[in-house]
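Note sheet for the following structure.
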Amino acid sequence: MRVRFNGNLMESSRQDIVDFIVKETPLEPAEAADIIETPPDSSRGDLALPCFKLAKALRNKPVVIAEDLAAAFQPTELVESALATGPYLNFRLARTPFLKAALEDPAAPTHDGDGRTIVLDYGSPNISKHLAYHHLRTLSIGFSLKRIFDQLGYRTVGINHLGDWGTTHGKLLAAWKMWGEGIDLTEDGVTKLNELYVRFNQEGAKEDGQDWFRRLEQGDAEARALWEQFREISLAEFDEVFSMLGVTFDVMKGESHYADLAEDAIRRVEATGLDEISEGAQVVMLTDLDMPPFFLRKADGATVYGTRDLAAVFDRYELYEFDRCIYVVDMGQSLYFKQLFAVLERMGLPYAGRVEHVSFGIVRFGGKKTGSRTGNVVLLREVVTEAIERIRAIIEDKNPDLADKEGVARAVGVGALLFSDLSAKRVKDVEFVWEDVLTFEGHTGPYLQYTHARCASILRKAGEDVGDDADLSLLTLPEEWELAKVLARFTDRVRIAARDAEPSVISQYLLLLAETFSRYYNLGNENPELKVLAPDPAARAARLALVGGVRDVLARGLFLLGMKAPEEM
RNA sequence: GCCCUCGUAGCUCAGUGGAUAGAGCACCGGUUUCCUAAACCGGGUGUCGCAGGUUCGAAUCCUGCCGAGGGCGCCA
């Protein structure tokens with residue numbers, strides 16, 4: 001009986017309806033599939049066909065068409081009935097087969113991406129600066145996308161393209177030579193380096209920075225040794241924060257890795273004849289696209305980040321033959337990425353269309369854009385530490401006997417931050433407000449984790465009572481049906497999240513799932529017979545199967561957002 | 001000046017061209033012998049920035065305008 005679902009349940013039910021429409025109307029299958037929708041109010045039905053578009057072809061009023069179609073409808077194994085409501089034809093799905101399929105491992109990974117690779121460039125902070133709160137965006141979005149593509153069976157490569165090369169680092173070397181020698185970097189080295197950098201931007205001479213970067217690029221021993229020291233200090237600091245957040249990478253290849261390959265990249269561009277010299281610099285002109293030139297080499301002979309980004313994308317394609325190469329970088333760099341992609345296009349590279357800039361909104365603090373350059377930052381580790389501290393206090397208050405208090409505090413504190421960053425569409429700007437980030441009620445990460453813990457708790461108490469031979473036809477409450485329908489949408493939502501590179505699709509879905517479950521769960525407070533752990537063993541078994549599905553999907557969904565799902569909290 | 005993005009309830013945000021535009025927060029009230037109250041239920045809010053256009057139908061698509069943010073040749 002469940003063979004027909006073929007992994008996508010809603011689709012099979014839809015197919016029956018499509019077949020029916022094709023038989024009864026002049027619509028092509030694709031058109032029919034396209035206009036089927038979900039009724040706004042579930043009590044009307046499970047799927048609906050608006051009949052407006054049919055009016056012309058059938059030369060009749062939509063209301064009459066709906067009635068005629070309702071009369072012509074023959075129930076199928078999956079679609080139980082069709083009822084006309086005004087110009088709409090509302091279909092009701094057969095409950096038991098649907099429930100059976102919906103509860104059969106609803107969180108299971110798919111094979112959509114078998115044999116294909118997604119490269120994700122996220123994080124990518126600059127060394128000698130702290131990770132600030134605004135870095136959370138690229139980290140949370142990038143890491144979540146990696147897990148979303150993993151869920152669909154793609155091979156993913158998460159790359160930390162460290163900002164460890166360029167004039168910026170020449171400035172730091174210059175600053176160090178002027179004011180830094182003798183400073184002890186063993187303690188809080190990043191702070192001290194960043195102070196030097198900020199001071200240089202105020203008092204230093206740009207030329208000194210450029211000069212030191214040139215020395216670095218030419219392999220000057222002193223410059224190289226200092227740079228390596230600064231880099232090590234920064235990496236140690238980054239690792240600590242990444243580990244607090246639970247964010248990982250597969251590859252850490254900074255810009256410095258491409259320093260030598262940059263010359264090769266320039267030669268490849270030269271081979272296409274696209275480059276020219278403009279005002280002493282070597283560039284690719286993009287005037288016809290109304291864009292400024294793309295720089296390969298500055299007038300002083302040094303390469304720029306764009307040169308190294310070219311080298312990196314060549315390297316990535318050679319290594320991974322990616323299907324998509326995604327740069328998770330704020331929208332302030334949109335123009336730059338357009339230029340970079342335009343150069344790839346002009347070079348005639350077959351994968352030019354597979355690179356994309358997944359942008360996100362700006363983070364503000366105190367109404368102003370945050371940025372290490374301006375010094376308007378809140379340290380990321382400080383925010384994480386505070387969030388965990390707050391959760392710790394809540395646990396002491398509500399559940400002081402909890403087994404792994406520290407572990408749960410970290411999971412929930414970090415989860416709150418990740419979720420607050422991933423719940424709105426990434427295009428939205430973020431205003432950092434302490435009290436907003438430290439909110440744990442309502443549409444928050446802890447709410448989802450709490451709902452998950454409730455499910456886990458029920459299943460734990462049920463113990464051995466959880467069987468797979470439950471009679472799902474006993475799930476007759478409207479709330480149970482709603483819940484099953486939401487569960488069945490999970491994989492579809494994951495696909496959309498991947499297609500749009502938009503983790504908030506998962507966030508919004510999980511909120512809906514948690515709310516639908518909570519409403520159901522609370523019925524038991526009014527009426528003990530409606531509890532999951534009901535007196536009737538058969539009803540209990542069926543409900544446990546449902547709750548098991550909710551638990552699995554919540555756990556998996558949280559995982560896709562980079563969050564943990566504690567069993568108790 | 002030019003280009004990009006955004007504009008939905010007091011605030012933060014949902015809303016595959018379709019039925020009465022929905023949540024959370026905040027405010028008021030209610031629910032706990034129970035599977036954990038980080039929860040649930042009830043109470044009221046909207047010129048969907050403005051003006052046109054396309055469509056049987058527009059918060060959604062197109063154009064213009066207004067407002068906010070970001071970007072615009074040698075930083076990353």
Report each atom pair, protein N/O against N/O of nucleotides 54-63 of chain B, whose distance is under 3.5 angstrom.
none

Salt-bridge criterion met for A/Arg231 and A/Asp164 (N-O under 4.0 Å): yes
Counterpart residues, salt bridge (charged side-chain N to carboxylate O under 4.0 Å, His left out), relative to A/Arg199 (two or more places apart): A/Glu203
Salt bridge flag under 4.0 Å for residues A/Arg390 and A/Glu386: yes
Test salt bridge (charged side-chain N to carboxylate O under 4.0 Å, His left out) applied to A/Glu217 - qualifying residues, sequence neighbours left out: none
Whole-Å P distance, B/U60 and B/G53: 14 Å
Side-chain H-bond candidate by donor/acceptor type, A/Tyr336 with A/Asp309, under 3.5 Å: yes
Could you list the donor-acceptor pairs under 3.5 angstrom formed between side-chain atoms of residues 281-291 of chain A and any protein atom two or more places apart in sequence or on another chain?
residue  : atom : partner  : partner atom : Å
A/Gln282 : OE1  : A/Arg297 : NE           : 3.3
A/Gln282 : NE2  : A/Glu270 : OE2          : 2.8
A/Gln282 : NE2  : A/Asp275 : OD2          : 2.9
A/Asp288 : OD1  : A/Arg346 : NH1          : 3.4
A/Asp288 : OD1  : A/Arg346 : NH2          : 3.2
A/Asp288 : OD2  : A/Arg346 : NH2          : 2.5

Sugar-phosphate only, base, or nothing, as touched by A/Ala281 at under 4.0 Å among non-hydrogen atoms: base
Sugar-phosphate, base or nothing in reach of A/Tyr447, heavy atoms under 4.0 Å: sugar-phosphate
Interatomic distance, A/Arg426 CZ vs B/G69 P [rounded to whole Å]: 23 Å
Atom NZ of A/Lys564 with >12 non-hydrogen neighbours under 6.0 angstrom: no
Residue-phosphate contact under 4.0 Å: A/Lys298 side-chain N/O, B/G73 OP1/OP2: no
Interatomic distance at C1', B/G15 relative to B/A9, whole Å: 14 Å
Gap in Å between the two P atoms, one belonging to B/G24 and one to B/G44, rounded: 14 Å
Anything under 3.5 Å between a protein N or O and an N or O of nucleotides 41-45 of chain B, put it in a table, one pair a line.
residue : atom : partner  : partner atom : Å
B/C41   : OP1  : A/Arg519 : NE           : 2.7

Pairwise P distance for B/G71 and B/A14, with rounding to whole Å: 23 Å
Distance, rounded to the nearest Å, where A/Lys428 contributes NZ and B/A68 contributes P: 17 Å
Pair A/Lys405 + A/Glu396, salt bridge at N-O below 4.0 Å: yes
Euclidean distance, atom CZ of residue A/Phe432 to atom P of B/G69 [Å, nearest integer]: 21 Å
Stretch residues 328-336 of chain A: residues that reach within less than 4.0 Å of RNA chain B through a heavy atom: A/Met331, A/Gly332, A/Gln333, A/Leu335
Expected output: side-chain A/Asn376 to main-chain A/Phe365 donor-acceptor under 3.5 Å: yes
Separation of B/G71 C1' from A/Asp429 CG (nearest whole Å): 13 Å
All stems with RNA chain B, defined as three or more consecutive Watson-Crick or G-U pairs under 3.5 Å: B:1-7 with B:66-72, B:10-13 with B:22-25, B:27-31 with B:39-43, B:49-53 with B:61-65
B/C2 to B/A58 separation - C1' atoms, rounded to the nearest Å: 30 Å
Base orientation of B/G73, syn vs anti, 90° cut from 0: syn
Same-atom distance (C1') from B/C28 to B/G70, integer angstrom: 41 Å
More than 12 heavy atoms of other groups within 6.0 Å of A/Glu526 CD: no
A/Lys206 vs B/C75: side-chain N/O to OP1/OP2 distance below 4.0 Å: yes
Donor-acceptor under 3.5 Å (A/Gln449 side chain, A/Ala411 main chain): yes
Sugar-phosphate, base or nothing in reach of A/Val547, heavy atoms under 4.0 Å: nothing
Pairwise 5' ranking along RNA chain B for A/Glu441 and A/Val427, keeping only the more 5' one: A/Val427
Below 3.5 Å, can you tabulate the donor-acceptor pairs from side chains in residues 51-65 of chain A to any protein atom, sequence neighbours excluded?
none

Audit row: A/Thr303, A/Ile266, side chain to side chain contact (heavy atoms under 4.5 Å, CB included) steps and yes/no: CA-CA 9 Å; A/Thr303 60; A/Ile266 291 175; 4.3 Å; yes
Every protein N/O within reach of nucleotides 29-36 of chain B N/O, cut-off under 3.5 Å:
residue : atom : partner  : partner atom : Å
B/C34   : O4'  : A/Lys531 : NZ           : 3.4
B/C34   : O3'  : A/Lys531 : NZ           : 3.4
B/C34   : O2'  : A/Lys531 : NZ           : 3.0
B/C34   : N1   : A/Lys531 : NZ           : 3.4
B/C34   : O2   : A/Lys531 : NZ           : 2.5
B/C34   : N3   : A/Asn525 : O            : 3.4
B/C35   : O3'  : A/Lys461 : NZ           : 2.8
B/C35   : N4   : A/Tyr521 : O            : 2.2
B/U36   : OP1  : A/Ser457 : OG           : 2.4
B/U36   : OP2  : A/Lys461 : NZ           : 2.9
B/U36   : O2'  : A/Tyr450 : OH           : 2.3
B/U36   : N3   : A/Met569 : O            : 3.2
B/U36   : O4   : A/Met569 : N            : 2.9
B/U36   : O4   : A/Met569 : O            : 3.4

Which residues share a salt bridge (charged side-chain N to carboxylate O under 4.0 Å, His left out) with A/Glu67, sequence neighbours left out: none
For A/Glu356, side chain to side chain donor-acceptor pair (under 3.5 Å) partners two or more places apart: A/Arg324
Ion pair check, A/Glu502 and A/Lys425, cut-off under 4.0 Å: no
Separation of atom CG in A/Asp290 from atom C1' in B/G1, rounded to whole Å: 13 Å
Given RNA chain B, 5'-ward residue of the pair A/Ile394 and A/Ile35, judged by closest heavy atom: A/Ile35
Of residues 501-514 of chain A, the positions that come close to RNA chain B - non-hydrogen atoms, cut-off under 4.0 Å: A/Gln508
Sugar-phosphate, base or nothing in reach of A/Ala302, heavy atoms under 4.0 Å: nothing
More than 12 heavy atoms of other groups within 6.0 Å of A/Glu529 CD: no
Nearest-angstrom distance, C1' atom, B/G22 to B/C4: 30 Å
